[in-house]
Q: 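One structure follows; several queries about it will come next.
Keep in mind that what you see is a predicted model, and the values were worked out from it rather than measured. Just so it is clear: chains get the letters A, B, ... in the order the sequence lines come, proteins before strands, and each one is counted from 1.
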Amino acid sequence: MIRAIKGTRDILPPASAVWNHVERVARRVMESYAYQEIRTPIFEETDLFARGVGEDTDIVSKEMYSWEDRDGTRLTLRPENTAGVIRSYIEHRLDQRPGLQKLYYMGPMFRRERPQKGRYRQFSQIGAEVIGSESPAVDAELIEMVMEVLSQAGLEGARLILNSVGCKECRPKFLAALREQLKDVAAGMCNDCQRRAGTNPLRVLDCKAPEDQPAIEKLPSILDYLCETCRTHFASVRSHLDERGIGYEVRPRLVRGLDYYTRTTFEVVHGALGAQNSVLGGGRYDGLAEALGSKVPAPGIGFSIGEDRLVMTVEETHPGLMKGSIDLFIAPMGEAALRHSTLLARELRRGGAVVELAFEGKLKRVLETANKTGARYTLIVGDNEMESGAYALKNMATGEQETVTREQLAERFYGKH
RNA sequence: GUGGGUAUAGCUCAGCCGGUAGAGCGCUGGAUUGUGGUUCCAGAUGUCGUGGGUUCAAAUCCCACUACCCACCCCA
């Protein structure tokens, strides 16, 4: 048997309804903030990600699906989409368009990791980028928007975690201080931290090993090293969030995995996700466009929601979303009734109703099927009904049956959706 | 890349000390020639993950492999 490959999966009904729900809500909310959709290719030149995401990140150094095209070009299945969006922004000179560029996207990303709960090799992200402003109010609006997406999608009990990771000026000073102090204490820490101290000292701050916590407490905090500009920016983001009544927790040890982040970074975590408890991550990336070859500065900020993880929790808390929604199930009896019903079904469907039509089977079977699909009504169409023009309409919840004319059916079922 | 767990019907799983496979749900048909949900009756579906070994005999014991799940690393 040929199976879906490792780390990929089929989204079957009725679970697919939850995906549609989440995507519908996300579009509606983001468009209400005047964001517009951008669709970029699912594969790009490998170099885009190497330069955008960072050569030394895990994503680039060991997780990308890359191959050589027939002409020798190195190509890669996108492991995230910010680099692609910025590439597109530069290529199409979106900086020349009026106003801020507020763009959203949704779709599959690919990373070759060992799969586990909430982590797949093909996974979906819903993300947005706003490019062209450094204003802290932009940060706050973006965060407000994504919290709105999460709550309207049905996610409850999510926690927003906020930090600032500084800029090109102040971060190096912090890193130097961190490395300095790690020289003394790293030897006493877990094996992972001893390795991280050399390769990626920021990650030490995020270590989960309980025995390392006392040492981590004593390490320097980025917030004490922010330059004046970054400090002011962060304070302003916070006050904008406070004014909007958005709760958050400042965590100076919040670390993001991508090299391009500057200043504001944030994450939303949720308890019901297993070990991968982060449902979204995001942050500002003021130098990214220039790193990708833009002649003009294009400061920006964005986020991406792990759609698989969001769907996972919404599925659990809102099982009703997976119910089918057939308004009317038509049960024709015989060939003539089937032909008659076909036209009736089309009329009601054009009116906006969800109509299912049984193509074969005895009435009893059709009623059984209608019942199992959760259809609200069943319409029986036989010789009597065709002759009299009065159809038998059965309410599947109560079992009550009444006779209705074609006009009454239209009244009843038009505009259902 | 590393560690742990699991693998028996479409799904969830039982099957202890080896004796040749079961339940619930689902599916199909019937009780009901134009009426579902409840009930009752009947029925179908298994290379017991794959390969090898031990044994008179293996779903069961041993070995290897594979797949999936969970966790680490890391991240959405």
Q: Roughly how many Å is it from CZ in Phe303(A) to P in A76(B), rounded to a whole number?
A: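 Going from CZ in Phe303(A) over to P in A76(B) covers 13 Å.
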Q: Between U35(B) atom P and Leu363(A) atom CG, what is the distance in whole Å?
A: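 It works out to 6 Å between those atoms.
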Q: Please report the distance separating the P of U8(B) from the corresponding atom of A44(B), rounded so that it comes out in whole Å.
A: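 My reading of the P atoms in U8(B) and A44(B) gives 23 Å.
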Q: Any donor-acceptor pair under 3.5 Å joining the side chain of Arg3(A) to the base of A67(B)?
A: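 Answer no: no donor N or O sits under 3.5 Å from an acceptor.
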Q: If you look at every strand shown and take non-hydrogen atoms under 4.0 Å, does Val279(A) touch a base, only sugar-phosphate, or nothing?
A: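 Touches sugar-phosphate only.
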Q: Go ahead and name the base partner of A44(B); Watson-Crick or wobble counts if both distances stay under 3.5 Å, otherwise write none.
A: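 Answer to the pairing question: none, since A44(B) forms no Watson-Crick or G-U pair.
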Q: The side chain of Arg195(A) is closest to which nucleotide in this list: G29(B), C74(B), C69(B)?
A: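 Nearest to the side-chain atoms of Arg195(A), counting from C-beta on, is C74(B).
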Q: Both distances under 3.5 Å, Watson-Crick or G-U wobble: report the partner of A14(B), or none.
A: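 Answer to the pairing question: none, since A14(B) forms no Watson-Crick or G-U pair.
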Q: Which listed nucleotide (G36(B), G1(B), U35(B)) is nearest to the side chain of Arg114(A)?
A: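 Among the listed nucleotides, the one closest to the side chain of Arg114(A) is G1(B).
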Q: Tell me what Ala331(A) touches on the nucleic acid: a base, only sugar-phosphate, or nothing, going by heavy atoms under 4.0 Å.
A: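 No contact.
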Q: Counting side-chain heavy atoms from CB outward, which of C74(B), G34(B), C72(B) is closest to Ile380(A)?
A: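 The answer is G34(B), which lies nearest to the side chain.
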Q: With rounding to whole Å, what would you report as the distance between A21(B) and U60(B) at their C1' atoms?
A: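 Per the computed distance, 12 Å lies between those C1' atoms.
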Q: Which whole number of Å gives the distance between the P atom of C65(B) and that of U28(B)?
A: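 Nearest-Å result for C65(B) against U28(B) at atom P: 43 Å.
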Q: Tell whether Asp383(A) reaches the base of G34(B) with its side chain through a donor-acceptor pair below 3.5 angstrom.
A: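 In this structure, the two groups form no donor-acceptor pair.
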Q: Rounded off to whole Å, could you give me the NZ-to-C1' distance for the Lys364(A) and G30(B) pair?
A: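 Roughly 8 Å, once rounded to whole Å.
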Q: When the C1' atoms of A59(B) and A14(B) are compared, how many Å lie between them, rounded to an integer?
A: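 Between the two C1' atoms, the distance is 12 Å.
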Q: Going through the distances and angles, do Tyr120(A) and Glu113(A) end up as a side chain to side chain donor-acceptor pair (under 3.5 Å)?
A: CA-CA 8 Å; Tyr120(A) 307 95; Glu113(A) 300 178 86; over 6 Å; no
Q: What is the base-pairing partner of A64(B), counting Watson-Crick and G-U wobble geometry with both distances under 3.5 Å?
A: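 U50(B) is the nucleotide pairing with A64(B).
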Q: Reckon Gln116(A) has a side-chain N or O less than 4.0 Å from the OP1 or OP2 of C69(B)?
A: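 For C69(B), neither OP1 nor OP2 has a side-chain N or O of Gln116(A) closer than 4.0 Å.
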Q: Could you identify the nucleotide paired to U20(B), looking across every strand shown and requiring Watson-Crick or G-U wobble geometry with both distances under 3.5 Å?
A: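 Paired with U20(B), as far as the under-3.5 Å criterion goes, is no nucleotide at all.
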Q: Give the nucleotide from the list A67(B), G34(B), A76(B) with an atom nearest to the side chain of Ser278(A).
A: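 For the Ser278(A) side chain, the nearest candidate turns out to be A76(B).
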Q: Between atom CZ of Phe49(A) and atom CD of Glu80(A), what is the distance when rounded to the nearest 0.5 Å?
A: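 The CD atom of Glu80(A) is 6.5 Å from CZ of Phe49(A), to the nearest 0.5 Å.
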Q: When you check the phosphate oxygens OP1 and OP2 of G29(B), does a side-chain N or O of Arg365(A) lie under 4.0 Å from one of them?
A: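 True: Arg365(A) side-chain N/O within range (under 4.0 Å) of G29(B) OP1/OP2.
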Q: Using 4.0 Å as the upper bound for N to carboxylate O, is an ion pair formed by Arg9(A) and Asp308(A)?
A: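 Salt bridge between Asp308(A) and Arg9(A), a charged N being under 4.0 Å from a carboxylate O: yes.
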Q: Output the rounded distance in Å from CG (Leu280(A)) to C1' (A76(B)).
A: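 The answer, rounded to whole Å, is 8 Å.
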Q: Do Asp242(A) and Tyr248(A) pass the side chain to side chain donor-acceptor pair (under 3.5 Å) test, and can you show the C-alpha distance, the side-chain angles, and the key distance before you say yes or no?
A: CA-CA 9 Å; Asp242(A) 293 339; Tyr248(A) 57 88; 3.1 Å; yes
Q: Quick one: Glu113(A) CD to A71(B) P, roughly how many Å, whole number?
A: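 Taking atom P of A71(B) as the reference, CD of Glu113(A) is at 13 Å.
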Q: Which one, C27(B), C73(B), G36(B), comes nearest to the side chain of Glu368(A)?
A: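 That would be G36(B).
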Q: When we call it a touch if two heavy atoms are under 4.0 Å apart, what does Glu385(A) touch: a base, just sugar-phosphate, or nothing?
A: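 Touches a base.
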Q: Side chain of Asn371(A), base of G36(B): donor and acceptor closer than 3.5 Å?
A: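 Yes.
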Q: Would you check if there is a donor-acceptor pair between the side chains of Arg350(A) and Tyr414(A) at a distance under 3.5 Å?
A: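 No, because no side-chain N or O of Tyr414(A) sits under 3.5 Å from a partner of the opposite role on Arg350(A).
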Q: At less than 3.5 Å, do the side-chain atoms of Lys394(A) and the base atoms of U35(B) form a donor-acceptor pair?
A: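 Check passes, donor-acceptor contact within cut-off.
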Q: If pairing requires Watson-Crick or G-U wobble contacts with both distances under 3.5 Å, which nucleotide is the partner of A58(B)?
A: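 For A58(B), the partner nucleotide comes out as none, under the 3.5 Å rule.
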Q: Would Asn81(A) and Ser304(A) satisfy side chain to side chain donor-acceptor pair (under 3.5 Å), going step by step from the backbone distance to the final call?
A: CA-CA 9 Å; Asn81(A) 204 30; Ser304(A) 69; over 6 Å; no
Q: With rounding to whole Å, what would you report as the distance between C16(B) and G1(B) at their P atoms?
A: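 That atom pair is separated by 36 Å.
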Q: Rounding to an integer number of Å, can you tell me how far Asp308(A) CG sits from A76(B) C1'?
A: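 Nearest whole value for this atom pair: 8 Å.
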Q: Counting the atoms with a prime plus P, OP1 and OP2 as sugar-phosphate, which does Gly127(A) contact under 4.0 Å by heavy atoms, base, sugar-phosphate, or nothing?
A: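 Here Gly127(A) touches no strand at all.
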Q: Between atom CD1 in Ile330(A) and atom C1' in G36(B), what is the gap in whole Å?
A: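 Distance, rounded to whole Å: 17 Å.
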Q: So which nucleotide from U28(B), G30(B), C72(B) ends up closest to the side chain of Lys362(A)?
A: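 The answer is G30(B), which lies nearest to the side chain.
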Q: Given Phe174(A), which of Asp224(A), Leu223(A), Leu202(A) fulfils the side chain to side chain contact (heavy atoms under 4.5 Å, CB included) condition?
A: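 Answer after filtering Asp224(A), Leu223(A), Leu202(A): Leu202(A).
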Q: Verify whether one side chain among Tyr391(A) and Gln408(A) offers a donor that lies under 3.5 Å from an acceptor in the other.
A: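 Result is no, nothing qualifies.
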Q: Which whole number of Å gives the distance between the C1' atom of C48(B) and that of A9(B)?
A: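 The same atom, C1', in both gives a distance of 10 Å.
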Q: Whether Arg196(A) contacts C73(B) is assessed here as follows: a side-chain N or O lying under 4.0 Å from the phosphate OP1 or OP2. Is that the case?
A: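 Checking C73(B) against Arg196(A), a side-chain N or O does come within under 4.0 Å of OP1 or OP2.
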Q: Given that both distances must come in under 3.5 Å, which nucleotide forms a Watson-Crick or G-U wobble pair with C72(B)?
A: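 Check on C72(B): paired to G1(B), both distances under 3.5 Å.
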Q: Heavy atoms under 4.0 Å, any strand shown: does Glu307(A) hit a base, just sugar-phosphate, or nothing?
A: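 Glu307(A): no heavy atom of the nucleic acid under 4.0 Å.
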Q: Report the residue (Arg119(A) or Glu267(A)) whose heavy-atom-nearest nucleotide on RNA chain B is the more 5′ of the two.
A: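 This one resolves to Arg119(A).
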Q: For the side chain of Met396(A), starting at C-beta, report the closest nucleotide among C74(B), G36(B), C27(B).
A: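 Nucleotide nearest to Met396(A)'s side chain: G36(B).
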Q: Please check if the distance between the ring centroids of Phe413(A) and Tyr377(A) is under 6.0 Å.
A: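 For Phe413(A) and Tyr377(A), the ring centres are under 6.0 Å apart.
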Q: When rounded to the nearest Å, what value does the distance between P atoms of C40(B) and G19(B) take?
A: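 Result for the P pair: 33 Å, nearest Å.
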Q: In the structure shown, which nucleotide is the Watson-Crick or G-U wobble counterpart of G34(B), with both distances under 3.5 Å?
A: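 Pairing partner: none.
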Q: Please measure how far the C1' atom in C68(B) lies from the corresponding atom in G36(B), and state the result in whole Å.
A: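 It comes out at 39 Å once rounded to the nearest Å.
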Q: Counting only side-chain nitrogens and oxygens, does Lys6(A) get under 4.0 Å of the OP1 or OP2 atom of U66(B)?
A: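 No, no such contact exists.
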Q: On RNA chain B, nearest-nucleotide positions of Ala4(A) versus Arg309(A): which is more 5'?
A: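 Residue closer to the 5' terminus by nearest nucleotide: Ala4(A).
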Q: Using whole Å, what does the distance between atom C1' of nucleotide G34(B) and atom CD of Glu387(A) come to?
A: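 So the two atoms are 15 Å apart, to the nearest Å.
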Q: Considering every strand shown, what is the Watson-Crick or G-U wobble mate of A9(B) when both distances are under 3.5 Å?
A: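 A9(B) is unpaired by these criteria.
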